[in-house]
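A quick note: this is a predicted structure, and the numbers were derived from the prediction, not measured.
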Amino acid sequence: MKKLKYLAAIALLSISGGCSVIHASAGYHPVLIAHRGSSAIEPEHTALSYTRAIKDKADYIEIDLRETKDGRLIAIHDKTVDRTTDGKGMTDDLSLAQIKKLNAGKGEKILTLEEIIQKFGQTANYYIETRESNGSLVMEKKLIDILQKHKLISSHKAVIESFSGKSLKKVRSMNKKIPLVRLLKDNEAEEINDKQLQTIRTYADTVGLNAKLANEAVVKRIHHNKMKVHVFFDKEDEHTLTPIMLKQKADGVFTNNPAYTRGVLQNSK
Ligand code: G3P
(Lines give C-alpha, C1' and ligand atoms only; values in the text may rest on other atoms or scores of the structure.)
Protein backbone atom coordinates (compact mmCIF):
# COMPACT_ATOMS: atom_id res chain seq x y z
CA MET A 1 0.00 0.00 0.00
CA LYS A 2 2.83 2.35 1.02
CA LYS A 3 4.53 1.56 -2.28
CA LEU A 4 1.35 2.39 -4.18
CA LYS A 5 1.05 5.77 -2.44
CA TYR A 6 4.72 6.45 -3.24
CA LEU A 7 4.19 5.62 -6.91
CA ALA A 8 1.07 7.82 -7.01
CA ALA A 9 3.06 10.70 -5.49
CA ILE A 10 5.83 10.27 -8.09
CA ALA A 11 3.23 10.17 -10.87
CA LEU A 12 1.67 13.40 -9.56
CA LEU A 13 5.07 15.08 -9.39
CA SER A 14 5.88 14.03 -12.95
CA ILE A 15 2.55 15.36 -14.16
CA SER A 16 3.06 18.75 -12.48
CA GLY A 17 6.68 18.79 -13.74
CA GLY A 18 5.36 18.05 -17.20
CA CYS A 19 2.91 20.94 -16.91
CA SER A 20 5.63 23.34 -15.97
CA VAL A 21 7.67 22.20 -18.99
CA ILE A 22 4.65 22.76 -21.22
CA HIS A 23 4.15 26.16 -19.64
CA ALA A 24 7.82 27.04 -20.13
CA SER A 25 7.88 25.97 -23.76
CA ALA A 26 4.82 28.12 -24.39
CA GLY A 27 6.94 31.11 -23.28
CA TYR A 28 9.68 32.95 -25.09
CA HIS A 29 12.76 30.83 -25.80
CA PRO A 30 14.96 32.39 -28.46
CA VAL A 31 17.78 30.24 -29.78
CA LEU A 32 21.27 31.50 -28.99
CA ILE A 33 23.68 31.11 -31.87
CA ALA A 34 27.34 31.23 -30.92
CA HIS A 35 28.82 33.40 -33.67
CA ARG A 36 32.05 31.66 -34.75
CA GLY A 37 31.85 29.94 -31.35
CA SER A 38 32.38 31.88 -28.17
CA SER A 39 34.45 34.25 -30.27
CA ALA A 40 34.62 37.13 -27.78
CA ILE A 41 36.52 34.82 -25.42
CA GLU A 42 38.46 32.35 -27.59
CA PRO A 43 39.95 32.50 -31.10
CA GLU A 44 37.05 32.31 -33.54
CA HIS A 45 36.10 29.04 -35.23
CA THR A 46 38.54 26.99 -33.14
CA ALA A 47 37.86 23.97 -30.96
CA LEU A 48 38.44 26.23 -27.93
CA SER A 49 35.80 28.65 -29.13
CA TYR A 50 33.22 25.96 -29.87
CA THR A 51 33.89 24.07 -26.64
CA ARG A 52 33.39 27.26 -24.65
CA ALA A 53 30.15 28.04 -26.51
CA ILE A 54 28.73 24.62 -25.72
CA LYS A 55 29.82 24.90 -22.08
CA ASP A 56 28.10 28.30 -21.90
CA LYS A 57 24.87 26.81 -23.20
CA ALA A 58 24.67 28.14 -26.73
CA ASP A 59 21.91 26.39 -28.66
CA TYR A 60 23.95 26.39 -31.86
CA ILE A 61 27.58 26.78 -32.82
CA GLU A 62 27.96 28.88 -35.96
CA ILE A 63 30.37 27.81 -38.67
CA ASP A 64 31.38 29.90 -41.69
CA LEU A 65 32.36 27.61 -44.52
CA ARG A 66 35.01 28.10 -47.16
CA GLU A 67 36.77 25.70 -49.50
CA THR A 68 40.49 25.02 -49.58
CA LYS A 69 42.40 24.77 -52.88
CA ASP A 70 41.95 21.00 -52.72
CA GLY A 71 38.22 21.26 -52.15
CA ARG A 72 37.92 20.62 -48.40
CA LEU A 73 35.29 22.48 -46.39
CA ILE A 74 36.86 24.40 -43.53
CA ALA A 75 35.62 26.77 -40.84
CA ILE A 76 36.85 30.27 -41.55
CA HIS A 77 35.06 33.55 -42.15
CA ASP A 78 37.43 35.66 -44.22
CA LYS A 79 38.55 35.26 -47.80
CA THR A 80 42.12 35.24 -46.56
CA VAL A 81 43.81 33.65 -43.57
CA ASP A 82 45.56 36.95 -42.71
CA ARG A 83 43.35 38.26 -39.88
CA THR A 84 42.81 35.07 -37.92
CA THR A 85 46.11 33.19 -38.33
CA ASP A 86 49.85 33.76 -38.48
CA GLY A 87 49.79 33.05 -42.23
CA LYS A 88 48.98 34.99 -45.36
CA GLY A 89 47.00 34.28 -48.50
CA MET A 90 43.64 33.51 -49.99
CA THR A 91 41.96 30.55 -48.32
CA ASP A 92 41.11 28.95 -51.65
CA ASP A 93 44.72 29.28 -52.84
CA LEU A 94 45.95 27.12 -49.95
CA SER A 95 45.72 23.35 -49.62
CA LEU A 96 44.41 21.80 -46.43
CA ALA A 97 47.96 20.67 -45.61
CA GLN A 98 49.19 24.28 -45.88
CA ILE A 99 46.27 25.55 -43.84
CA LYS A 100 46.91 23.00 -41.12
CA LYS A 101 50.37 24.51 -40.54
CA LEU A 102 48.84 27.82 -39.44
CA ASN A 103 48.22 28.98 -35.90
CA ALA A 104 44.62 30.16 -35.59
CA GLY A 105 45.23 31.58 -32.10
CA LYS A 106 46.44 30.02 -28.82
CA GLY A 107 48.10 27.30 -30.91
CA GLU A 108 44.76 26.12 -32.33
CA LYS A 109 44.38 24.84 -35.89
CA ILE A 110 41.81 25.77 -38.51
CA LEU A 111 39.29 22.93 -38.52
CA THR A 112 37.55 21.10 -41.31
CA LEU A 113 33.78 20.81 -41.00
CA GLU A 114 34.18 17.09 -40.51
CA GLU A 115 36.65 17.57 -37.68
CA ILE A 116 34.18 19.83 -35.88
CA ILE A 117 31.39 17.31 -36.32
CA GLN A 118 33.63 14.42 -35.29
CA LYS A 119 34.59 16.31 -32.13
CA PHE A 120 31.11 17.43 -31.02
CA GLY A 121 28.88 14.88 -32.75
CA GLN A 122 25.29 14.90 -31.55
CA THR A 123 26.17 16.96 -28.46
CA ALA A 124 26.01 20.19 -30.48
CA ASN A 125 23.66 21.87 -32.92
CA TYR A 126 25.29 23.31 -36.01
CA TYR A 127 24.37 26.59 -37.74
CA ILE A 128 26.37 26.55 -40.94
CA GLU A 129 26.86 29.38 -43.42
CA THR A 130 27.32 28.65 -47.12
CA ARG A 131 28.49 31.19 -49.66
CA GLU A 132 29.00 31.36 -53.39
CA SER A 133 32.53 30.89 -54.62
CA ASN A 134 33.09 33.47 -57.38
CA GLY A 135 29.42 33.09 -58.35
CA SER A 136 29.54 29.27 -58.34
CA LEU A 137 27.84 26.89 -55.94
CA VAL A 138 30.56 24.48 -54.91
CA MET A 139 29.92 23.61 -51.29
CA GLU A 140 26.24 22.64 -51.03
CA LYS A 141 26.48 19.00 -52.16
CA LYS A 142 29.59 18.33 -50.07
CA LEU A 143 27.91 19.91 -47.06
CA ILE A 144 24.70 17.91 -47.37
CA ASP A 145 26.71 14.71 -47.85
CA ILE A 146 28.67 15.36 -44.66
CA LEU A 147 25.54 16.23 -42.67
CA GLN A 148 23.79 13.12 -43.92
CA LYS A 149 26.79 10.90 -43.25
CA HIS A 150 26.75 12.06 -39.63
CA LYS A 151 22.92 11.87 -39.38
CA LEU A 152 22.68 15.52 -38.42
CA ILE A 153 19.69 16.28 -40.61
CA SER A 154 17.54 13.37 -39.45
CA SER A 155 18.36 14.26 -35.84
CA HIS A 156 17.46 17.94 -36.42
CA LYS A 157 20.91 19.10 -35.39
CA ALA A 158 21.79 21.29 -38.35
CA VAL A 159 20.60 24.57 -39.86
CA ILE A 160 22.01 26.20 -42.98
CA GLU A 161 22.22 29.97 -43.36
CA SER A 162 23.29 32.01 -46.36
CA PHE A 163 23.23 35.47 -47.88
CA SER A 164 22.88 33.61 -51.19
CA GLY A 165 19.32 32.69 -52.13
CA LYS A 166 20.82 30.62 -54.95
CA SER A 167 22.79 28.54 -52.48
CA LEU A 168 19.78 27.92 -50.24
CA LYS A 169 17.61 26.97 -53.20
CA LYS A 170 20.22 24.44 -54.27
CA VAL A 171 20.27 22.99 -50.74
CA ARG A 172 16.47 22.86 -50.73
CA SER A 173 16.43 21.04 -54.05
CA MET A 174 18.68 18.36 -52.55
CA ASN A 175 17.05 18.15 -49.16
CA LYS A 176 13.58 19.21 -48.10
CA LYS A 177 14.07 18.76 -44.37
CA ILE A 178 16.96 20.90 -43.27
CA PRO A 179 15.90 24.32 -41.85
CA LEU A 180 17.19 27.24 -43.92
CA VAL A 181 17.92 30.81 -42.92
CA ARG A 182 18.07 33.49 -45.60
CA LEU A 183 20.44 36.18 -44.39
CA LEU A 184 19.66 39.68 -45.67
CA LYS A 185 22.35 42.13 -46.64
CA ASP A 186 21.77 45.53 -45.07
CA ASN A 187 20.43 47.04 -48.31
CA GLU A 188 17.99 44.12 -48.65
CA ALA A 189 16.87 44.41 -45.01
CA GLU A 190 16.28 48.15 -45.35
CA GLU A 191 13.78 47.60 -48.15
CA ILE A 192 12.23 44.27 -47.31
CA ASN A 193 8.54 43.98 -48.18
CA ASP A 194 5.84 41.31 -48.01
CA LYS A 195 6.30 40.21 -51.60
CA GLN A 196 10.02 39.59 -51.12
CA LEU A 197 9.37 37.77 -47.86
CA GLN A 198 6.86 35.50 -49.55
CA THR A 199 9.44 34.71 -52.22
CA ILE A 200 12.00 33.86 -49.56
CA ARG A 201 9.41 31.72 -47.82
CA THR A 202 9.26 29.43 -50.85
CA TYR A 203 12.69 28.06 -49.87
CA ALA A 204 13.61 29.28 -46.36
CA ASP A 205 12.00 29.18 -42.91
CA THR A 206 13.81 32.04 -41.24
CA VAL A 207 15.15 35.47 -42.12
CA GLY A 208 18.42 36.68 -40.59
CA LEU A 209 19.32 40.35 -40.51
CA ASN A 210 21.52 42.83 -38.72
CA ALA A 211 19.95 43.85 -35.40
CA LYS A 212 20.54 47.53 -36.16
CA LEU A 213 17.87 47.19 -38.90
CA ALA A 214 15.51 44.89 -37.02
CA ASN A 215 13.12 47.50 -35.68
CA GLU A 216 9.74 46.47 -34.30
CA ALA A 217 7.96 46.97 -37.63
CA VAL A 218 10.43 44.74 -39.50
CA VAL A 219 10.24 41.97 -36.89
CA LYS A 220 6.43 42.12 -37.00
CA ARG A 221 6.42 42.08 -40.78
CA ILE A 222 8.56 38.94 -40.88
CA HIS A 223 6.40 37.24 -38.24
CA HIS A 224 3.29 38.32 -40.11
CA ASN A 225 4.70 36.51 -43.15
CA LYS A 226 5.00 33.40 -41.00
CA MET A 227 8.75 33.29 -40.82
CA LYS A 228 11.15 33.43 -37.92
CA VAL A 229 13.62 36.25 -37.32
CA HIS A 230 17.24 35.72 -36.31
CA VAL A 231 19.41 38.76 -35.65
CA PHE A 232 23.15 39.23 -35.85
CA PHE A 233 25.20 42.18 -34.64
CA ASP A 234 28.05 44.44 -35.54
CA LYS A 235 30.47 43.65 -32.72
CA GLU A 236 30.23 47.13 -31.20
CA ASP A 237 26.40 46.99 -31.06
CA GLU A 238 25.99 43.61 -29.39
CA HIS A 239 25.63 44.84 -25.80
CA THR A 240 23.34 47.74 -26.67
CA LEU A 241 21.07 45.83 -29.02
CA THR A 242 20.83 42.36 -27.43
CA PRO A 243 18.31 43.44 -24.72
CA ILE A 244 16.27 45.30 -27.34
CA MET A 245 16.17 42.27 -29.65
CA LEU A 246 15.07 40.04 -26.78
CA LYS A 247 12.35 42.54 -25.91
CA GLN A 248 11.20 42.46 -29.54
CA LYS A 249 11.00 38.67 -29.31
CA ALA A 250 13.51 37.83 -32.02
CA ASP A 251 13.36 34.05 -32.45
CA GLY A 252 17.12 33.71 -32.57
CA VAL A 253 19.99 35.88 -31.44
CA PHE A 254 23.61 35.61 -32.50
CA THR A 255 26.15 36.08 -29.77
CA ASN A 256 29.92 36.33 -29.49
CA ASN A 257 29.57 35.33 -25.83
CA PRO A 258 26.71 32.93 -25.05
CA ALA A 259 27.15 33.29 -21.27
CA TYR A 260 26.56 37.04 -21.58
CA THR A 261 23.45 36.64 -23.75
CA ARG A 262 22.09 33.83 -21.57
CA GLY A 263 22.47 36.22 -18.59
CA VAL A 264 20.65 39.06 -20.35
CA LEU A 265 17.87 36.63 -21.25
CA GLN A 266 17.50 35.43 -17.64
CA ASN A 267 17.38 39.00 -16.36
CA SER A 268 14.79 40.02 -18.91
CA LYS A 269 12.29 37.39 -17.68
O1 G3P B 1 26.54 34.81 -40.14
C2 G3P B 1 25.58 35.79 -40.03
C3 G3P B 1 26.17 37.02 -39.49
O4 G3P B 1 27.06 36.73 -38.51
C5 G3P B 1 26.73 37.99 -40.42
O6 G3P B 1 27.57 37.45 -41.27
O7 G3P B 1 29.27 35.91 -41.85
O8 G3P B 1 29.77 38.35 -41.81
O9 G3P B 1 29.53 37.10 -39.69
P10 G3P B 1 29.12 37.21 -41.14
Side-chain angles (χ1 to χ4, degrees), residues 31 33-37 45 50 58-79 91-92 95-96 99 110-185 188-189 192 195-209 222 225-230 232 251-252 254:
V31 291
I33 304 143
H35 184 234
R36 310 177 195 174
H45 287 124
Y50 289 134
D59 295 299
Y60 287 89
I61 53 173
E62 197 228 11
I63 301 167
D64 286 292
L65 282 188
R66 284 191 184 269
E67 265 207 340
T68 61
K69 189 176 183 183
D70 44 350
R72 302 292 299 276
L73 295 181
I74 56 168
I76 185 166
H77 177 269
D78 297 1
K79 242 184 203 163
T91 309
D92 59 3
S95 67
L96 184 62
I99 277 176
I110 291 180
L111 299 167
T112 64
L113 175 65
E114 285 226 74
E115 284 170 334
I116 297 172
I117 293 172
Q118 275 154 6
K119 181 166 176 63
F120 299 105
Q122 299 274 334
T123 66
N125 295 306
Y126 305 87
Y127 199 103
I128 303 169
E129 182 172 342
T130 60
R131 63 180 75 239
E132 293 176 24
S133 170
N134 302 321
S136 302
L137 303 175
V138 295
M139 51 179 66
E140 291 73 13
K141 165 123 180 44
K142 288 178 192 176
L143 169 59
I144 293 289
D145 286 349
I146 292 171
L147 295 178
Q148 279 175 333
K149 176 173 151 200
H150 293 275
K151 302 192 178 4
L152 293 173
I153 301 178
S154 54
S155 60
H156 308 287
K157 295 248 159 221
V159 168
I160 297 177
E161 56 167 337
S162 191
F163 285 102
S164 164
K166 251 168 56 175
S167 171
L168 294 180
K169 284 179 205 165
K170 179 162 182 192
V171 170
R172 183 53 84 232
S173 72
M174 288 185 289
N175 188 287
K176 304 275 173 265
K177 295 214 166 117
I178 187 157
L180 302 181
V181 181
R182 171 63 154 86
L183 301 171
L184 300 179
K185 292 178 197 124
E188 293 177 301
I192 196 75
K195 192 163 170 247
Q196 288 159 336
L197 287 169
Q198 283 305 313
T199 304
I200 292 172
R201 194 165 168 243
T202 59
Y203 60 87
D205 325 277
T206 301
V207 172
L209 72 162
I222 297 168
N225 279 278
K226 303 205 180 327
M227 275 184 287
K228 293 193 168 136
V229 184
H230 290 181
F232 53 86
D251 305 285
F254 282 68

Please evaluate residues Leu152 and Gln122 with respect to the criterion side-chain contact (heavy atoms from CB on, under 4.5 Å), reporting the C-alpha separation (whole Å), side-chain torsions for both, the decisive distance (0.1 Å), and the verdict. CA-CA 7 Å; Leu152 293 173; Gln122 299 274 334; 3.7 Å; yes

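- Judged by distance alone, with hydrogens and angles left aside, the side-chain atoms of Thr68 form no donor-acceptor pair with the main-chain N or O of Ser95 at under 3.5 Å.
- Separation of atoms CD1 (Ile153) and CD1 (Ile144) is listed at 4.5 Å; rounding is to 0.5 Å.
- Between the side chain of Ser162 and the main chain of Thr130, a donor-acceptor pair closer than 3.5 Å is present.
- Considering all non-hydrogen atoms of both residues, Ala158 and Pro179 come closest at O-CD, 3.4 Å.
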Does the side-chain contact (heavy atoms from CB on, under 4.5 Å) test come out yes or no for Glu188 and Arg182, once each step is laid out? CA-CA 11 Å; Glu188 293 177 301; Arg182 171 63 154 86; 3.0 Å; yes

What do the steps show when you test Arg66 against Asp92 for side-chain contact (heavy atoms from CB on, under 4.5 Å), and what is the final call? CA-CA 8 Å; Arg66 284 191 184 269; Asp92 59 3; over 6 Å; no

Evaluate the criterion side chain to side chain donor-acceptor pair (under 3.5 Å) for residue pair Ser167 and Glu132; output intermediate values, then yes/no. CA-CA 7 Å; Ser167 171; Glu132 293 176 24; over 6 Å; no

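- Of all the heavy atoms in Ser164 and Leu137, the pair that sits closest is OG-CD2, 4.4 Å.
- Between Asp145 and Lys149, no side-chain nitrogen of the basic residue sits less than 4.0 Å from a carboxylate oxygen of the acidic one, so the salt-bridge criterion is not met.
- In this structure, CD in Glu62 is found 8.0 Å from NE2 in His77, a value given to the nearest 0.5 Å.
- Across all non-hydrogen atoms, the minimal contact from Ile178 to Arg172 is O-NH1, 3.0 Å.
- Taking CE of Met227 as the start and CG of Asp251 as the end, the distance is 11.5 Å to the nearest 0.5 Å.
- Between Lys170 and Ser173, the shortest heavy-atom contact is O-OG, 2.7 Å.
- Only one option out of Ile74, Leu73, Leu65 pairs with Thr112 in a side chain to side chain contact (heavy atoms under 4.5 Å, CB included); it is Ile74.
- In this structure, Phe163 and Leu184 approach most closely via the heavy-atom pair CE2-O, 3.5 Å.
- Checked by atom type, the side-chain pair Ser133/Glu67 shows no donor-acceptor distance below 3.5 Å.
- A distance of 9.0 Å separates CZ in Arg131 from CD in Glu161, rounded to the nearest 0.5 Å.
- A donor-acceptor pair under 3.5 Å is absent between the side-chain atoms of Thr202 and the main chain of Gln198, judged by distance alone.
- For Lys226, the NZ atom sits in a loose shell: 12 or fewer heavy atoms of surrounding residues, nucleotides or ligands are nearer than 6.0 Å.
- Salt bridge absent: Asp205 and Lys228 never bring a charged side-chain N and a carboxylate O closer than 4.0 Å.
- Around atom NZ of Lys142, more than 12 heavy atoms belonging to other residues, nucleotides or ligands sit under 6.0 Å away.
- By the neighbour-count criterion of 12 heavy atoms within 6.0 Å, atom CZ of Arg72 is sparsely surrounded, having that number or fewer from other residues, nucleotides or ligands.
- Rounding to the nearest 0.5 Å places CD1 of Ile76 at 11.0 Å from CG of Leu111.
- Looking at every heavy atom in both residues, Ile116 comes nearest to Ala75 through CD1-CB, 3.7 Å.
- Side-chain polar atoms of Gln118 and His150 form no donor-acceptor pair below 3.5 angstrom.
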Between Ile110 and Thr91, is the side-chain contact (heavy atoms from CB on, under 4.5 Å) condition met? List the steps. CA-CA 11 Å; Ile110 291 180; Thr91 309; over 6 Å; no

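- Side-chain atoms of Ile222 and Leu209, non-hydrogen and from C-beta on, do get closer than 4.5 Å to each other.
- No option in Tyr50, Phe254, Phe232 other than Phe254 meets the ring-ring contact (aromatic ring centres under 6.0 Å, His included) test with Tyr127.
- Summarising the geometry, atom CD1 belonging to Ile160 is positioned 7.5 Å from atom CG belonging to Asn175; distances are rounded to the nearest 0.5 Å.
- Put simply, the side chain of Ile192 does not reach to within 4.5 Å of the side chain of Val207, judged on heavy atoms.
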